[in-house]
Amino acid sequence: MTLPTIDFLGYPVINLGQKNIDKLIKYFLSSPTPSLFTVINANKLFLADKHTRLKKIMQNSDALLPEQAVVIGSRWLGTPLAGRISGIEFMEYVLEHAEERGYTIFLYGAKEEVGQRLIEKYRHKFPKIKILDYVHGFFADNNILLERINQAQPDFLFVALGSPKQEYWMEENRHKINAKIMVGVGGSFDVLSGVKKRAPEWTQHGFEWLYRALQDWHRLDLWKRYLITNPYFVYRVLQYKFSGRSV
Ligand code: UDP
């Protein structure tokens, strides 16, 4: 069995939607080799056009998860996706079902206090959850980090270093890592820990970025990011639609 994908501007994105996250998990947990997941959204498309290395990692991921912009773009192109699976939703799904299903989890990334709050929150909610270990995202000794991951041998390794750092780290280390599924989830630890607010439901159909930028209104890099990458995304989709070219 292979999982359904749709070609989006030259990227094979998973065509399952949130309702089928379970299928995705079952498929890759039963795979004999470790799997690497990445996420595609407007910012990632922009970065990947600039950095061929990132582009290749995304294109060769075992699963490339589409966020909301890609769902909208896929409709414009006449090849609509079943729905999004954003990084944060995927991670939340795993955390919410981990206790009941016995999933084991390793967390790598974000600031120490953010990671600790995340663990506290989920241990409080699910006392038997198996979050085996946590290493913050500014930890300097990669060998020790790898040792800790391999000692834990988790089902899920969540990597939250921001892009493209997390994708480069996963690519460089994937063959040294004993984890069934590793996935780059960007700022998800900050949100799932409660340190940053979750975008409300109404924004999750294409305006999550605006909520995020308003929350961190003083971060000029975020405004710059969205003001450049969102129009760029529209341009890339329309260019593809009218010229049939992916690059
Ligand atoms: N981060 C980290 N190590 C680093 C740089 C960043 O752990 O060297 C963390 C940072 O604390 C934050 C996340 O990575 O939790 C980056 O979040 P951002 O929202 O910028 O991710 P993106 O939108 O790029 O996916």
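Just so you know, ligand 1 is whichever comes first in the structure, and atom 1 is the first atom listed for that ligand. Bear in mind the structure is a predicted one, so any value in this text is a computation, not a measurement.
Of all protein heavy atoms, the one lying nearest to atom 25 (O) of ligand 1 is G186 CA, 3.2 Å. If you check which protein heavy atom lies closest to atom 2 (C) of ligand 1, you get F138 CZ, 3.4 Å. With respect to atom 3 (N) of ligand 1, the closest heavy atom belonging to the protein is G137 O, 2.8 Å. Nearest protein heavy-atom contact of atom 6 (C) of ligand 1 is L161 O, 3.3 Å.
Counting heavy atoms closer than 4.0 Å to ligand 1, residue E112 contributes nothing at all. Here Q166 has no heavy atoms under 4.0 Å from ligand 1, in either its backbone or its side chain.
Atom numbering of ligand 1 starts at 1 in the shown order; those under 4.0 Å from a heavy atom of R225 are 20 (O), 23 (O), 24 (O). With ligand atoms numbered from 1 in the order given, ligand 1 contributes 7 (O) to contacts under 4.0 Å with heavy atoms of G109. Listed by atom number, the atoms of ligand 1 under 4.0 Å from D190 heavy atoms are 12 (C), 15 (O). The contact set between ligand 1 and S163, taken as ligand atoms under 4.0 Å from a residue heavy atom, comprises 24 (O). Here is the list of ligand 1 atoms found below 4.0 Å of a heavy atom in R212: 18 (P), 19 (O), 20 (O), 23 (O). Using a 4.0 Å cut-off to heavy atoms of K165, the atoms of ligand 1 that qualify are 4 (C), 8 (O).
Which of A110, S188, G187 comes nearest to atom 17 (O) of ligand 1 through a heavy atom is settled by distance: it is G187. For atom 22 (P) of ligand 1, the choice among S193, A160, G162, G184 with the nearest heavy atom turns out to be G162.
Salt bridge D216/K196: present, at least one basic N to carboxylate O contact under 4.0 Å. Salt-bridge check for R101 with D22: passed, with a basic side-chain N closer than 4.0 Å to an acidic carboxylate O. By the 4.0 Å N-to-carboxylate-O rule, E67 lies too far from K44 to be salt-bridged with it. Using a cutoff of 4.0 Å between basic side-chain nitrogens and carboxylate oxygens, E167 and R53 are not scored as salt-bridged.
Under 3.5 Å, the side chains of Q68 and E208 contain no donor-acceptor pair of N or O atoms.
Using a 4.5 Å heavy-atom cutoff, the side chains of R212 and L222 are in contact.
What you find for L64 and V39 is that their closest heavy atoms are CD1-C, 3.9 Å.
In this structure, F90 and F37 have tilted ring planes: the angle between them lies in the 30° to 60° band.
The distance from atom NZ of K111 to atom NE2 of H136, rounded to the nearest 0.5 Å, is 12.0 Å.
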